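Report on the following structure.
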Amino acid sequence: MQYWLMKSEPDEVSIDDALEASDQTVPWTGVRNYQARNFMRDAMQVGDGVLFYHSSCPQPGIAGVAEVASTPYPDDTQFDRKSKYFDPKATRENPRWMLVDVKAIRKTRLVTLDELRSHADLGGMQILKRGNRLSITPVTPDEWRHIARLL
DNA sequence: GCCAACGTTGGC
DNA sequence: GCCAACGTTGGC
């Protein structure tokens, strides 16, 4: 069992959108970074805990709790010419981008970046590091427990 | 909209 | 394999 923080732009998929989806589950489409892909493809297990993070919005922060709900499979948007996530170098035989399904468990109060920064125990979180851009990052069990108490 | 940080691309 | 140029991310 591992823990993860996954960023989503609420304009695209918010925690509310995920909760309203069928089975409260959404495919985590659009990741086009190899490190983030590798986490989904190689490291995630069904049932892993997920902090659902809202980014690129007026109030960035942790907005909900979710879990990994599938094994990895190809991200369909890479094959769709009309999608902004289309990748001309990807083929069905040789997909480049893999994803997992994420099942929303519950919406939480918004734990903002400022609040996260105010907790010394969370100082090591990747999301708080300068220049961090990775949309999926591992969360340690200690960080998970600490954040769970804030929610 | 700005811009620092960082990933990717491609010429060499 | 280096590295400059370019593109993207994401908080502010």
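Proteins get letters first, then strands, A, B, ... in listed order; numbering begins at 1 in each. Small disclaimer: the values here were computed from a predicted structure and weren't measured.
Contact of the A/F39 side chain with the A/N33 side chain is not registered, since no non-hydrogen atoms from C-beta on lie closer than 4.5 Å. Two residues are said to be in side-chain contact when any heavy atoms from C-beta on lie closer than 4.5 Å; A/Q78 and A/P95 meet this criterion. Put simply, the side chain of A/L151 reaches to within 4.5 Å of the side chain of A/V111, judged on heavy atoms. A/M125 is listed as a side-chain neighbour of A/L5, based on a closest heavy-atom distance under 4.5 Å.
Within the structure, every pair that satisfies the side-chain hydrogen bond (donor to acceptor under 3.5 Å, both in side chains) test and touches residues 96-107 of chain A, not counting sequence neighbours, is listed here: A/D16-A/K107, A/D23-A/K103, A/Y34-A/R96, A/Y73-A/D101, A/D87-A/W97.
One N or O on the side chain of A/E143 and one on the backbone of A/T140 form a donor-acceptor pair closer than 3.5 Å. Distance alone, capped at 3.5 Å, is enough to place a donor-acceptor pair between the A/D48 side chain and the A/Q2 backbone.
In summary, the aromatic rings of A/W28 and A/Y85 are positioned with their centroids too far apart to meet the 6.0 Å limit.
Sorted by residue number, the members of residues 4-13 of chain A with any non-hydrogen atom under 4.0 Å from DNA chain C read A/K7. Contacts between residues 123-139 of chain A and DNA chain B, defined by a heavy-atom separation under 4.0 Å, are made by A/R130, A/G131, A/R133.
Here the range on DNA chain B touched by chain A, meaning any atom under 4.0 Å from one of its heavy atoms, is B/dA5 to B/dT8.
Annotation: the span from A/I147 atom CD1 to A/I62 atom CD1 amounts to 4.0 Å, rounded to 0.5 Å. Here A/S55 contributes atom OG and A/R133 contributes atom CZ; the two are 12.5 Å apart, rounded to the nearest 0.5 Å.
Aromatic ring orientation, A/H146 versus A/H119: perpendicular (interplanar angle above 60°, classes split at 30° and 60°).
For A/Y53, there are no ring-ring contact (aromatic ring centres under 6.0 Å, His included) partners at least two apart in sequence or on another chain.
Direction change of the helix axis from one end of the helix from B/dG1-C/dC12 to B/dC12-C/dG1 to the other is 10°, with five pairs defining each end axis (rounded to 10°).
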